[in-house]
Amino acid sequence: MKVRRLHPWNVSPTEAICIQHTLRRRLDLREYGGTIETVAGVDVSFDKYAPTLYAAVVVMRLNDRQILETATAVTTSTFPYIPGLLSFREAPAVLQAVKRLRRAPDCLLCDGQGIAHPRRFGLACHLGLLLDLPSIGCAKSLLVGKYREPARKRRSFRALLDKGEQVGIILRTKDGVAPVYVSPGHRMSFPRARKIVLDTHGGYRVPEPTRQAHLLVNALRRDGPVSALLHG
DNA sequence: GCGACAG
DNA sequence: ATCTTGTCGC
């Protein structure tokens, strides 16, 4: 599928922040009315020493939660990991993998934040805008904001607030297990983001599309593309 | 100036 | 994120 060229990638951290301020204004955070039948989970892993990034995308159908397609990509990192600038390190690799999909998914589920970000432009926002797709950020830890612990039972949730505004929700996907941090990326509302995460839940803390993408990138990194094909 | 800080 | 076996708990 097509990828929009919104800006250069070989930029400095300062320029990256400037780009985030510019792109955030193009986000559409209204309730998306379209039908979402397929969700694409994306994830990235990297070598401890080699500057190699491994990306994977796993497309799941919401009806029966069946995996329809997967794609991977191996690239070289050109940007360091800096809190708040994660997308400038991981997005290029993810885009390469997504471009290889035969069919475009209806929504993107990312391993990171959406608008629950200091400049309201996390990885999910960036990818959603570049691919022109509704997107959701589902992170395993906090980047910004404050919240009160949700009840211990599954599906309990509380608002994630930052500087007086809601930027996401803290969602318990399993009884008594640490919650996940869900925030809209692009063309997405809080309620719908929460519903999609719960609908793609497969018994583990993180939703299935993202979890499968995680398993796939690790298989790709450890055992190479051949083994990754079997795991996909 | 001192912490906090997605993956 | 990555380095890694067993082990505590439901």
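As the structure is a prediction and not an experimental result, all values here were calculated from the model. Every heavy atom of this structure was used, including side-chain atoms; hydrogens, water molecules and symmetry mates were not.
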### Message
Quick check for you: name the first and last nucleotides of DNA chain B, 5' to 3', having an atom under 4.0 Å from a heavy atom of chain A.
### Response
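Range of nucleotides touched by chain A: B/dC5 to B/dG7.
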Taking any heavy-atom pair under 4.0 Å as a contact, classify [X]: base, sugar-phosphate, or nothing.
X: A/H214; result: sugar-phosphate
X: A/L85; result: base
X: A/G84; result: base

Taking side chain as C-beta onward, heavy atoms only, is [X] less than 4.5 Å from [Y]?
X: A/H214; Y: A/D43; result: yes
X: A/E149; Y: A/R172; result: yes
X: A/H7; Y: A/L23; result: yes
X: A/V39; Y: A/D106; result: no
X: A/S77; Y: A/R89; result: yes
X: A/L6; Y: A/H126; result: no
X: A/R154; Y: A/H201; result: yes

#### Entry: Donor-acceptor pair, side chain of A/D47 and main chain of A/Y49, under 3.5 angstrom
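Absent.
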### Query
Any sub-3.5 Å donor-acceptor pair from A/T173's side-chain atoms to A/V206's backbone N or O?
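No: the side chain of A/T173 does not pair with the backbone of A/V206.
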### Query
Is it true that A/F46 and A/Y81 have ring centroids separated by less than 6.0 Å?
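No - the distance between ring centres of A/F46 and A/Y81 does not fall below the 6.0 Å cut-off.
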Given [N], is OP1 or OP2 found less than 4.0 Å from the side-chain N or O atoms of [X]?
X: A/R221; N: C/dT2; value: yes
X: A/N218; N: C/dT2; value: yes
X: A/K174; N: C/dC10; value: no

Whole-Å distance separating the [atom1] atom of [X] from the [atom2] atom of [N]:
X: A/L123; N: C/dA1; atom1: CG; atom2: P; value: 13 Å
X: A/R205; N: C/dC10; atom1: CZ; atom2: C1'; value: 18 Å
X: A/K153; N: C/dC10; atom1: NZ; atom2: P; value: 20 Å
X: A/D175; N: C/dC10; atom1: CG; atom2: P; value: 13 Å

### Query
Would you say the side-chain atoms of A/N218 and A/Y54 include a donor-acceptor pair closer than 3.5 Å?
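Absent: no donor and acceptor within the cut-off.
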## Note on the structure
Annotated structure of DNA chain C as dot-bracket, pair cut-off 3.5 Å, Watson-Crick or G-U only, | for inter-strand, is ..........
### Query
When Watson-Crick pairs (N1 to N3 and N6-O4 or O6-N4) and G-U wobble pairs (N1-O2 and O6-N3) count only below 3.5 Å on both distances, what is the dot-bracket string of DNA chain B, with | for other-strand pairs?
.......
